[in-house]
Number of protein chains: 2
Amino acid sequence: MSFDERKKSRVTLLDVARHANVSRATASLVLRKSPLVGSETRSRVEQAMRDLGYVYNIGAARLRVERSQIIGAIVPNLTNPFFAELLSGIEEVIGETGKVVILANSGDKVERQAMLLQRMREHGVDGVILCPAARTAPALSEEIADWGMPVVQVLRHISFDIDYVGADYAAGMRQAVDYLASLGHEKIAFAAHGPVQSAYQERVDGFRDAMLSKGLDPGILIHFPTQLGEIASATHLLFEQATRPTAAICFNHLVALGLSAGLYDRGLTIGRDLSLIGFDDVADEEAIRPKLTSVSTGPVTIGEMAARLLLERIANPDLPPRRVVNDTTLHIRQSCGRPQ
Amino acid sequence: MSFDERKKSRVTLLDVARHANVSRATASLVLRKSPLVGSETRSRVEQAMRDLGYVYNIGAARLRVERSQIIGAIVPNLTNPFFAELLSGIEEVIGETGKVVILANSGDKVERQAMLLQRMREHGVDGVILCPAARTAPALSEEIADWGMPVVQVLRHISFDIDYVGADYAAGMRQAVDYLASLGHEKIAFAAHGPVQSAYQERVDGFRDAMLSKGLDPGILIHFPTQLGEIASATHLLFEQATRPTAAICFNHLVALGLSAGLYDRGLTIGRDLSLIGFDDVADEEAIRPKLTSVSTGPVTIGEMAARLLLERIANPDLPPRRVVNDTTLHIRQSCGRPQ
DNA sequence: CTCATCACTTAGATCGATCTAAAATGTTTC
DNA sequence: GAAACATTTTAGATCGATCTAAGTGATGAG
């Protein structure tokens with residue numbers, strides 16, 4: 001490409017119009033596939049676009065029309081495969097509609113999240129899918145309402161005034177507890193992890209309720225380190241409780257992975273010395289040995305549902321807030337046995 | 001918020017200017033932190049912005065100025081944790097500069113990739129970080145040059161005319177082969193996977209060269225299924241070779257995970273019955289038991305480097321094309337032993 | 001007192017699309 | 001042949017910022 005060519009600014013709709021001997025307005029109609037324009041004219045304009053290598057300028061269009069075709073997605077941690085799968089579902093559905101996803105990582109920090117929301121507003125996103133950072137103030141929902149910005153909460157929620165898509169964590173806990181109880185377990189630990197947020201609370205509460213309804217003690221709640229690497233070496237915490245558990249339900253797949261490794265390191269056999277149930281069920285669970293019995297929340301599906309809900313919300317902003325709660329399924333594999 | 005308020009269009013720079021008794025031009029200067037504007041005026045305008053809840057409209061600005069503050073990132077597979085880590089590095093560096101990342105998943109399909117590139121052009125991205133889909137025609141680089149779009153290739157490359165950031169796969173293979181050879185292994189398999197692309201080729205060639213330079217037979221090359229779930233059950237392929245390998249080097253962490261599971265299923269002990277070396281070294285490698293000895297390519301770092309390279313390319317489009325090749329490191333853990 | 005300089009400030013054009021309202025063209029109908 | 005109508009096409013304003021070139025005062029120099 002010559003220097004001149006690079007210098008020359010991009011091909012505009014006006015150039016196309018002139019090349020096809022029509023007005024800018026007509027060219028614009030062709031672009032938007034309007035039925036108003038005659039078929040002969042249409043093909044002439046389309047040919048001109050090809051000839052000149054015309055590229056639609058969405059940015060310019062959106063100055064007139066209130067639609068940027070951009071959706072924002074904010075997650076607390078990109079490297080967690082669970083969120084990667086969520087994003088994959090979001091990107092899939094949004095992409096199908098010709099829109100585009102702006103990705104951002106809040107690092108579970110409230111201030112960073114505020115900055116990212118602001119940045120997305122500046123970019124004029126049509127809406128945002130938000131997995132709120134831990135300790136996000138519920139007042140954020142009022143700000144969002146003031147902004148008039150369509151938002152869907154995923155996995156975690158801070159307010160009932162905003163659409164929400166998540167999984168039925170409580171039901172998942174019940175499935176896990178019921179299954180372990182059916183095997184004869186009575187001392188079941190909950191292996192928690194990470195900061196407190198709604199999904200955390202729902203899982204803990206779900207665990208407690210499920211245990212109580214089986215007449216079991218819901219008191220064995222152990223908090224493990226945040227970093228995956230440190231979980232394995234904290235496995236001993238399981239055995240320093242007043243009552244030694246015979247099974248553990250993990251907060252998410254990271255804890256399950258960590259404990260699974262930690263038990264191996266201590267020469268213990270999963271399913272015999274301790275039964276283990278994972279949560280979230282990302283692709284790994286199937287790949288680990290022994291295969292992890294796990295409650296699946298279906299992150300890809302949740303991402304897809306969130307995306308669809310957001311699209312509906314954008315199309316119809318006056319809908320009352322909705323909550324979509326995805327069913328969980330217990331995948332029974334190899335990590336649970338009868339208590340010793 | 002009342003109906004009227006929602007109806008009222010967004011606050012514009014002109015509103016701010018009027019509220020602060022200055023011209024639109026002055027308000028714009030304040031926005032861009034120009035030293036030209038007086039300090040009393042500046043604070044008056046800033047106050048007006050706060051009073052009115054002004055939100056900068058990047059889209060409008062970019063119509064005048066050639067800068068959208070948007071970067072595109074195209075990866076072949078979002079659910080692969082390796083790419084999630086790559087993205088995390090990209091997002092981190094791009095986010096620091098106040099820009100924003102548009103995310104897209106090519107699914108390793110060439111046509112889909114073409115469509116995504118087109119969509120990104122329509123959005124006027126300042127540049128794109130592209131991990132080219134397998135079988136991408138090298139001619140794409142000419143198109144990209146014609147478009148005048150700053151692009152950085154990551155992990156895979158289709159052309160020497162475009163910046164590239166990757167890892168020294170050949171060196172990684174040498175590290176792996178040398179280590180296994182030092183343990184006494186002579187029959188080493190390469191466990192391949194996925195479609196052929198530059199990174200694949202470099203790894204295979206690297207393996208071959210490393211083997212030859214040790215005087216070993218580089219002929220045991222086995223291709224495993226694409227899906228993680230199917231790799232484990234294809235483990236038998238390892239033992240149906242003319243010469244039975246005593247060690248295997250895996251194409252990436254998915255193969256390593258799959259084979260590790262498959263060996264377990266067959267009652268074989270990793271490191272004794274077969275030594276295993278992984279590649280890529282995502283967080284999982286450390287979490288699996290036995291811990292996987294693995295060649296680390298540092299996806300987060302590569303993402304960061306690619307982002308930085310792209311920013312430099314955007315700032316200076318006339319730079320000659322550059323290649324950045326990240327060193328690999330062999331992390332020796334527990335999955336290798338002496339041959340039986 | 002005039003002119004140059006400095007430190008700000010601003011009117012108006014501009015970016016590339018869309019939208020409104022009206023005009024041009026072709027077709028029927030009476 | 002004119003009026004009524006349907007079908008296409010278009011001129012010009014518009015969205016919200018930035019940029020250019022010009023316009024204020026105030027101060028200092030000659």
Side-chain angles (χ1 to χ4, degrees), chain A residues 7-46 48-49 52-70 98 119 121-126 148, chain B residues 7-46 48-49 52-70 98 119 121-126 148:
Chain A
K7 239 178 116 159
K8 175 187 342 169
S9 68
R10 59 158 49 195
V11 177
T12 141
L13 200 47
L14 186 56
D15 299 330
V16 170
R18 277 204 271 255
H19 192 264
N21 268 313
V22 295
S23 72
R24 200 161 74 261
T26 304
S28 175
L29 289 174
V30 171
L31 212 51
R32 285 171 290 149
K33 311 209 184 306
S34 160
L36 286 180
V37 58
S39 67
E40 195 273 335
T41 316
R42 151 161 295 121
S43 57
R44 199 148 36 89
V45 173
E46 283 169 346
M49 289 183 177
L52 300 179
Y54 172 74
V55 177
Y56 184 50
N57 185 335
I58 295 184
R62 97 165 198 244
L63 199 50
R64 279 267 22 198
V65 127
E66 263 321 295
R67 232 359 93 89
S68 66
Q69 310 285 24
I70 303 177
R119 192 177 288 170
R121 286 222 289 158
E122 294 181 346
H123 276 278
V125 293
D126 293 337
Chain B
K7 239 180 113 160
K8 174 185 346 166
S9 67
R10 60 155 53 195
V11 176
T12 141
L13 201 47
L14 186 56
D15 300 328
V16 170
R18 277 204 272 256
H19 192 263
N21 267 312
V22 296
S23 72
R24 199 160 75 260
T26 304
S28 175
L29 289 174
V30 171
L31 213 52
R32 285 172 290 148
K33 311 209 184 306
S34 158
L36 285 179
V37 59
S39 68
E40 197 272 337
T41 316
R42 152 162 293 124
S43 56
R44 200 148 35 92
V45 173
E46 284 169 346
M49 289 183 177
L52 301 180
Y54 172 75
V55 177
Y56 184 49
N57 185 335
I58 295 184
R62 98 163 195 244
L63 198 50
R64 279 266 21 199
V65 127
E66 263 321 295
R67 228 5 89 90
S68 67
Q69 309 284 27
I70 303 178
R119 191 176 290 169
R121 286 221 291 157
E122 294 180 348
H123 277 278
V125 295
D126 293 336

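The sequence lines fix the lettering, A, B, ..., with proteins before strands; numbering per chain opens at 1. Remember, predicted model here, so these are calculated numbers, not experimental data. Note that these values count all heavy atoms, side chains included, but never hydrogens, waters or copies made by symmetry.
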Quick tally for nucleotides 17-27 of chain D: nucleotides whose base has a protein heavy atom under 4.0 Å get B, sugar-phosphate-only ones S, the rest -, giving BBB--------
Whole angstrom is fine here: how far is it from [atom1] in [X] over to [atom2] in [N]?
X	N	atom1	atom2	answer
Arg18(A)	dG16(C)	CZ	P	11 Å
Leu63(B)	dT14(D)	CG	P	17 Å
Glu66(B)	dG16(C)	CD	C1'	11 Å
Arg44(A)	dT8(D)	CZ	P	14 Å

What residues 35-42 of chain B contributes to the DNA chain C interface at heavy-atom separation below 4.0 Å is Leu36(B), Val37(B), Gly38(B), Thr41(B)
Handout entry: CA sep, side-chain torsions, deciding dist, call: Val16(A), Glu46(A), side-chain contact (heavy atoms from CB on, under 4.5 Å)
Key = CA-CA 9 Å; Val16(A) 170; Glu46(A) 283 169 346; over 6 Å; no
Nearest heavy-atom approach of Tyr54(B) to Val11(B) is CD1-O, 3.5 Å
Which atom pairs, one a donor and one an acceptor, fall under 3.5 Å between side chains of residues 55-67 of chain A and the rest of the protein, sequence neighbours left out?
{"unit_1": "Asn57(A)", "atom_1": "OD1", "unit_2": "Gly59(A)", "atom_2": "N", "d": "3.1"}
{"unit_1": "Asn57(A)", "atom_1": "OD1", "unit_2": "Ala60(A)", "atom_2": "N", "d": "3.0"}
{"unit_1": "Arg62(A)", "atom_1": "NH2", "unit_2": "His123(A)", "atom_2": "O", "d": "2.7"}

Overall bend of the helix from dC1(C)-dG30(D) to dC30(C)-dG1(D) (five pairs an end, 10° steps) is 60°
field: Leu14(A) backbone acceptor or donor facing Arg24(A) side chain under 3.5 Å
entry: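 A pair under 3.5 Å: no.
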Within the 4.5 Å heavy-atom criterion, are Leu52(A) and Arg10(A) side-chain neighbours or not?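 Side chain of Leu52(A) against side chain of Arg10(A), heavy atoms only: no contact under 4.5 Å found.
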query = Hey, is the side chain of Thr26(A) poking within less than 4.0 Å of OP1 or OP2 on dT9(D), counting only N and O atoms?
reply =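 Thr26(A) to dT9(D) OP1/OP2: no side-chain N or O under 4.0 Å.
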*asked:* Which residues pass the side-chain hydrogen bond (donor to acceptor under 3.5 Å, both in side chains) test with Glu122(A), not counting sequence neighbours?
replied: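 In terms of side-chain hydrogen bond (donor to acceptor under 3.5 Å, both in side chains), with neighbours along the sequence ignored, Glu122(A) is linked to no residue.
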Indicate every side-chain donor-acceptor pair of residues 26-38 of chain B with a distance under 3.5 Å to a residue at least two apart or in another chain.
{"unit_1": "Thr26(B)", "atom_1": "OG1", "unit_2": "Ser23(B)", "atom_2": "OG", "d": "3.1"}
{"unit_1": "Ser28(B)", "atom_1": "OG", "unit_2": "Arg32(B)", "atom_2": "NE", "d": "3.3"}
{"unit_1": "Ser28(B)", "atom_1": "OG", "unit_2": "Arg32(B)", "atom_2": "NH2", "d": "2.7"}
{"unit_1": "Arg32(B)", "atom_1": "NE", "unit_2": "Ser28(B)", "atom_2": "O", "d": "3.3"}
{"unit_1": "Ser34(B)", "atom_1": "OG", "unit_2": "Leu36(B)", "atom_2": "N", "d": "3.0"}

